[in-house]
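See structure below.
These numbers come from the heavy atoms of this one structure, side chains and all, not from hydrogens, waters or symmetry mates. The structure presented is a predicted model; accordingly, all values stated were derived computationally and were not measured. Labels below follow one simple rule: chain letters A, B, ... track the order of the sequence lines, proteins then strands, and each chain is numbered from 1.
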Protein chains: 2
Amino acid sequence: MPPKAKVTIKDVALKAGCGIATASRVLNNSGPTSAEVRERVNRAALDLGFSFSAIGRALQSSKSMTVGCLVPSLANPVFAEAVQGVQNELVGTNYQLLISSSNYDDKADDAAISTLVSKEVDGLIVTMVAPERSPALKLAHQRGIPASLMFHDPIKGFATSYVDNFEAARDVAQRFSECGHRRTGFLALRLATSDRSRNRYAGFHAECRARGMPDPALIELSETDANRPEKLAAILAAHPDLTAIFASNDFLAIAVQKAARLLGWIVPRDLSVVGFDGIEIGKLLDVPLATIETMPEKMGRQAAKSLLTAMQGGVLEQLPPLPFRFRAGATLAAPRAKSRDDGRVAAQPPSVPLIKTILKQG
Amino acid sequence: MPPKAKVTIKDVALKAGCGIATASRVLNNSGPTSAEVRERVNRAALDLGFSFSAIGRALQSSKSMTVGCLVPSLANPVFAEAVQGVQNELVGTNYQLLISSSNYDDKADDAAISTLVSKEVDGLIVTMVAPERSPALKLAHQRGIPASLMFHDPIKGFATSYVDNFEAARDVAQRFSECGHRRTGFLALRLATSDRSRNRYAGFHAECRARGMPDPALIELSETDANRPEKLAAILAAHPDLTAIFASNDFLAIAVQKAARLLGWIVPRDLSVVGFDGIEIGKLLDVPLATIETMPEKMGRQAAKSLLTAMQGGVLEQLPPLPFRFRAGATLAAPRAKSRDDGRVAAQPPSVPLIKTILKQG
DNA sequence: AACAAATATGGAAACGTTTCCATTCAGGTG
DNA sequence: CACCTGAATGGAAACGTTTCCATATTTGTT
């Protein structure tokens, strides 16, 4: 058994005593072949341990049978799950998944897309800092490479699989309001590089306004402070009037619980918290986390499904957003009665999705 | 602006009025070229928006500049982080990452490896159910494709980046013992498909024995029950004599806390819990989780680094395991005094890593 | 001024496929 | 028996590179 470094179809044809065209036809079941030569070719292929060179095939067919996928980081479980969803959908097709990540850097985003394109991927599935102004993505589009977005709100020219962050955030504001909260805060990480967080803030802000609540305090946490509960506690202490915090993800929400504990505050008596994403651990906490449940895996699946039909010549069409669901939890309750709703500075209004805000408020 | 579907080096050469060989030399800075033709070629390439076809290159050089990576699932944050580590290490090289996942199925493992090999990856980074008996992995090895393992203990023929699960688990047993615990349990998911969990159990078991403690109770949780705290509570209730649980990952450890709460038990007074992995959330809990901290990201990085040197012709050599660290947490304390250490059935001894067990105990 | 050496260039082969086309051969029809 | 149809086959081109080799040009040395 000599596992020759490279056994090509030429070797097979030689051993089977036929032309490579015939061997190709046998091996692919394409075109007519006699039973006798079929037998010889198959035996030769088996003996030699032949397998097709995907590269040779790709060159000749100009189809790489590869899908490129870009997300900010796999260290974020939400994106990791989404990529797994893509993968799950791709299993069973002949497509392979080429991945890349940008670490939330829009320059890296562009470079990554370019690289994927030069690898001649047949399609793209991307979540990036700013897809609407990525030259590389536009170029890919011009070259006819179908692209499917994940997590992003719809953009002209692309299909996207997403959850309506704006609406979900409005839901949270509504529940805060119904509980009797008025002064609220919105806590996020990396607002500048996450349209998701911005959209959540916009929706939250819009609904607070619509209900006559003061504008929510916008609290942005630095990457490093996210892992320093005492830092977060100090920030919370500086906002003693807030009775409810909407955190842009569940990890932050749990960090808020911790920070509150450090301050001697009791959740939800002294501070209500609602998270976003719906991670399982939230259910297991001493005080189970109220949150918005989303479906990252489904998001990936849907993006992949759309892309597959597009790559098979179909048209990329925009589906409705995936559903979200409010998960009740003990971190949300009515605020303790402490009536001081007087003059406080309002947070600045949302900058980016202003149109949407105005639109939805009517 | 006609972004022609495909602009090849031939087009560039034509536009620059030179041969393709010359164009290639200019574009690659390989071989001598005159300043004048250099100028023309570069301008033509720019005008046409030329970029190399990775496929054409791959075919001619028989290097795909692609690394294949297989993990059980990206939905497990530990693997996702490791893959991100691989990615981080690959950024800056010219290698791209092709990923696949098996969902903890060894047949799927093999199929995935085969697919990656037929895609002609230049190297492999894998975590699978049973690398030591994967035909596809062996085949890849025979074909001269370097492979680097992640999370697995060393195996003949492959380099691996791992943490010494056996030793880490012994550490936990030792701490249990020092706190005064005697009757302990080991809680895991998917024992059959996770050599990591098996090694942890083996180490835990070995050290318990070495210290004259009763064999730990081996509790395996089904996939679905992992999300049902009441189910886990029932199981714990059936083991009322246990004073400490070592959970094979932090999620399970947190689930144990929840289950204990359901039973009205107080952690750590009525039950101590130690987890594994060292996720950040553990620090934020009301009762911070004691756990073994590991470094999945570094694991991925190390695997990638080794592989890179191997692919550049170097030799794949086995590095020492990555360090682990016990993170103290309030979930571990001395058991409440309740002296009843009498006749109980011992769990069955570990089946797989028996040799290692015996060896280390002397 | 003659010649060697270095520099610059392009043709062509090779990488592994698939597919178009032409060729051969068998069998069936008139 | 001549003819046609259809099946079976293999040669060769094409996909986009890089690189070997041969040729043509320049430069430098006596």
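A residue-by-residue look at A/Ile55 and B/Ala23 shows that B/Ala23 has its nearest nucleotide of DNA chain C further toward the 5' end. Ranked by how close their nearest DNA chain C nucleotide is to the 5' end, A/Asn28 and B/Gly56 are led by B/Gly56.
When distances run from any side-chain atom of B/Pro32 to the nucleotides C/dT7, C/dT17, C/dA14, the shortest one goes to C/dT7. Counting only heavy atoms from C-beta on, A/Ser53 has its side chain closest to C/dT17 among D/dT9, D/dT17, C/dT17.
Between B/Leu27 atom CG and D/dT18 atom P the separation is 8 Å, expressed in whole Å. Atom CZ in A/Arg57 sits roughly 19 Å away from atom C1' in D/dG16 (whole-Å rounding). Regarding B/Leu14, its CG atom lies at a distance of 14 Å from the C1' atom of C/dG10, rounded to whole Å. D/dA8 atom C1' lies 17 Å from atom CD of A/Glu39, rounded to whole Å. Here D/dT18 presents its C1' atom at 4 Å from CD of B/Gln60, a figure rounded to the nearest Å. Per the geometry, CD1 belonging to B/Ile20 stands 11 Å off P belonging to D/dG16, to the nearest Å. Atom pair B/Phe52:CZ and D/dC15:P shows a separation of 18 Å (rounding to whole Å applied). Atom C1' of nucleotide C/dG10 and atom NZ of B/Lys10 are separated by 14 Å, given to the nearest angstrom.
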Pairs under 3.5 Å (N/O, protein and nucleotides 20-22 of chain C):
none

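In summary, the side chains of B/Gln84 and A/Ser101 do present a donor paired with an acceptor at a separation below 3.5 Å, with no hydrogens or angles considered. Residues A/Arg25 and A/Thr33 have side chains that never bring a donor and an acceptor to within less than 3.5 angstrom of each other. In summary, the side chains of B/Ser53 and A/Glu120 do present a donor paired with an acceptor at a separation below 3.5 Å, with no hydrogens or angles considered.
In this structure, the side chain of B/Arg196 does not engage the main chain of B/Phe151 through any donor-acceptor pair within 3.5 Å. Without hydrogens or angle criteria, A/Ser30 side chain to A/Asn28 main chain gives no donor-acceptor distance under 3.5 Å. Under a 3.5 Å cut-off, the side chain of A/Ser24 and the backbone N or O of A/Ile20 do not form any donor-acceptor pair. No side-chain donor-acceptor contact under 3.5 Å links B/Arg301 to the backbone of B/Gly85.
Taking side-chain N and O atoms only, A/Ser34 has a distance below 4.0 Å to OP1 or OP2 of D/dT9. OP1 or OP2 of C/dT18 sits under 4.0 Å from a side-chain N or O of A/Ser24. Taking side-chain N and O atoms only, B/Thr22 has a distance below 4.0 Å to OP1 or OP2 of C/dG10.
Base engagement by B/Leu59 is indicated by at least one non-hydrogen atom pair under 4.0 Å involving a base atom.
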